[in-house]
Amino acid sequence: MRRKCIYYPSRPINTLDNMTEDIRVRYAPSPTGHLHIGNARTAIFNWLFARHYNGQFIIRIEDTDSARNIADGEKSQLDNLAWLGLDWDESPEKPGKYGPYRQSERNEQGIYQPFIDELLAKGMAYKSYKTSEQLASEREAQQAAKQAPHYIYEYEGMTAEEREAKYEEFEAQGLKPVIRFRVPEDRTYAWEDIVKGHIEISGKEIGGDWVIQKADGMPTYNFAVVIDDHLMAISHVLRGDDHVSNTPKQMMIFEALGWDIPQFGHMALIINGETGKKLSKRDENVLQFVEQYKELGYQPQAMVNFIGLLGWSPKGEDEIFSLDEFKQMFDETRLSKANAKFDQKKLEWINNQWMRRDLDNVMPQLIRELVSAGLISQSEADNKVDWLSQVIKVAGVEGISYTREIVDLVRKPFFELNDITDEMITYLTSEDGRKVFEAWETAYLAMPETATAEDYMNTIRHIQSTLEIKGRNLWNPIRIATTHEVQGPNLPEMLVVLDRSKVIATMNQVKATYLV
RNA sequence: GGCGCUAUGGUCAAGUGGUUAAGACGUCGGCUUCUCAGGCCGAAAUCGAGGGUUCGACUCCCUCUAGCGCUACCA
């Protein structure tokens, strides 16, 4: 059964605000790449959980696989988290009293070794010298026999002394051991999951004795997590569904060491809409990384808004929320149990909403897009901020999904002119076209530079009534003469923004080329 | 194969025995008497299937099916 109350250590946290100081959650990425959408989601929900209950949010780097760590992985992750608006109480750069915050450093300091030794001494773990070839052939044999892969304990029936003797024998052969945990298969591991309710898994289903320390001396993930979560006083673990089957392994270590077990919550996964599978870093067809969205000009608030609604729903009907609003509303019982497809269209819509809501703040970014697209130089842009923001508004920012899209919207006719097509020539040189052009040219030249969109509209309406020409036959010749386009934003508004001398030059050019 | 989890429209989802089954994205249609964008209005679901329980089931139970996850000296 799901319940709103989370017990830690044994009291409902919602009833007493001053009890919430015990809440400590963590985001624990491995620095193998940039911040993935899925990881961002885990981080955001952990942050929300911590902040909603006035708890602490800490970041721990799980870099026990040195082969997979990449140079700037950690920095990039943290930078992107900060960009999203998250903050944290403890991290490698902001050590608290539970440091260090990188598992590699914790290992160097010998934090894990005493617990490995303790388990060894208690006979709950042992040294295993099987080679990867042996392991592979055992597994193959099991699969061939249609059995579930299961580790085969090599010291069955031996006394401790006999086992020690074996160790020496293997060592003499120059073999390096890993440490395996002796899994109690008669136990059932059960917990009340914060999102999924009651879950239980039999010790028999673990797959047998698993490695807690690798041959290189590094602890494995499932072991280090337990040690660190305990030592760092983590009270709640909110993570992806894909960790459900790790949970019993971790529980047995907590138990073996005599420690309290944190509350677990396993969130449904984000899946790829096309493949239906867990969103994977290898899916090239979906933008996977927060950084990619940032580069296209998605707003951090929009990313948070979108992710916050993926696998979680608020009570009312609103859809646009800030991080702070999510924090106020957060309720772990509203976390969805079913996987959610990543819907890029919805993200686009949410980002559009945020850009419009926050247009003044987004404007500098929009202008920067024009500079990086080479439409205008930086110095010129600096001098024409007001004009550029008018152009951007007239061109239709209201319709774009992310800032990068403004470039193509604004390019023509504000920075370049289209070629005149045959269709345009037809509009221009028709009988109506010639009349309209002449009337328009006269009217426009008579108008002051300060004319408003309304003035231009009135002028065009006036031509409509005197010439009795309307619709495209009226508008297109004017559009073509001034912008070389037959479609685009509202013409009167464009005319306000367009440089008058350029418009006149364009009109003269059109006239000389097609209307003499 | 085994174990675990999940199942409301194309998508995100509300819904906890009696509702016309919310809302949003997307799609389609109409209007906004130049186009595009925007705005406004409107349309579309036998609640995975089959059995029960009940006066009554999207809601409870059982079975099936499907999907996903895990099954490493990765995390």
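We name chains A, B, ... by the order of the sequence lines, and we start the count at 1 in each one. This structure is a prediction, so every number in the text was calculated from the model and none was measured.
Below 30°, between 30° and 60°, or above 60°: for A:Y298 and A:Y293 the angle between ring planes is above 60°, a perpendicular geometry.
Considering only the side chain of A:S30, B:rA75 comes nearest among B:rA75, B:rA13, B:rG69. Comparing B:rA75, B:rG38, B:rC36 by their closest approach to the side chain of A:D65 singles out B:rA75. Picking from B:rC73, B:rG23, B:rC12 the nucleotide with the shortest atom distance to the side chain of A:L135 gives B:rC73. Checking B:rC68, B:rA13, B:rA75 against the side-chain heavy atoms of A:T220 singles out B:rA75 as nearest. Taking every side-chain heavy atom of A:W349 into account, B:rG26 is the closest of B:rG26, B:rC70, B:rA13. Counting only heavy atoms from C-beta on, A:P149 has its side chain closest to B:rG1 among B:rA75, B:rC5, B:rG1. Distances from the side chain of A:N246 to the nucleotides B:rA24, B:rA75, B:rC25 place B:rA75 closest.
Residue A:R356 is classed as a sugar-phosphate contact, given heavy-atom separations below 4.0 Å to backbone atoms only. Residue contacts for A:R472: at a heavy-atom cut-off of 4.0 Å it reaches the sugar-phosphate backbone alone, with no base atom in range. Among the heavy atoms of the strands lying under 4.0 Å from A:H243 is at least one base atom, whether or not backbone atoms are also near. Among the heavy atoms of the strands lying under 4.0 Å from A:L269 are primed sugar atoms or P, OP1, OP2 only; no base atom is included. Looking at heavy-atom distances under 4.0 Å, A:G276 makes contact with sugar-phosphate atoms alone, never a base. Using a 4.0 Å heavy-atom criterion, one finds that A:V211 contacts the sugar-phosphate atoms exclusively. Residue contacts for A:T64: at a heavy-atom cut-off of 4.0 Å it reaches the sugar-phosphate backbone alone, with no base atom in range. Among the atoms of the strands shown, none is found under 4.0 Å from any heavy atom of A:G273. Here A:L474 lies out of heavy-atom contact (under 4.0 Å) with every strand. Contacts of A:A215 with the nucleic acid, taken as non-hydrogen atoms under 4.0 Å apart, include base atoms. Nucleic acid contact class of A:K277 (heavy atoms, under 4.0 Å, all strands): sugar-phosphate only. Nucleic acid contact class of A:K130 (heavy atoms, under 4.0 Å, all strands): base. If you check every strand for non-hydrogen atoms under 4.0 Å, A:N490 touches a base.
If you take CG of A:D242 and P of B:rG4, they are 18 Å apart, rounded to a whole angstrom. Going from atom CD of A:E493 over to atom P of B:rU35 covers 15 Å, rounded to whole Å. The distance between atom NZ of A:K345 and atom C1' of B:rG26, rounded to the nearest whole Å, is 8 Å. One can place CD of A:E185 at 15 Å from P of B:rC3, the figure rounded to the nearest angstrom. Whole-Å rounding puts the A:E485 CD to B:rC34 P distance at 19 Å.
Looking at which nucleotide of RNA chain B each of A:R139 and A:S202 is closest to, the 5′-most match is held by A:S202.
Taking 4.0 angstrom as the limit, A:K341 places a side-chain polar atom (N or O) nearer than this to OP1 or OP2 of B:rU11.
For B:rA72, there is no paired base (Watson-Crick or G-U wobble, both distances below 3.5 Å). Nucleotide B:rU59: unpaired (no Watson-Crick or G-U wobble partner with both distances less than 3.5 Å). Under the Watson-Crick or G-U wobble criterion, with both distances below 3.5 Å, B:rA21 has no partner in any strand shown. Summarising the base pairing, B:rC36 is matched to no nucleotide, lacking a Watson-Crick or G-U wobble pair whose two defining distances lie under 3.5 Å. In this structure, B:rU6 and B:rA66 make a Watson-Crick or G-U wobble pair, each of the two defining distances being under 3.5 angstrom.
Both geometric conditions, a ring-centre gap below 5.5 Å and a plane tilt below 30°, are fulfilled for A:W475 over the base of B:rC34.
Here A:K278 does not pair with A:D241 in a salt bridge; the nearest charged N to carboxylate O distance is not below 4.0 Å.
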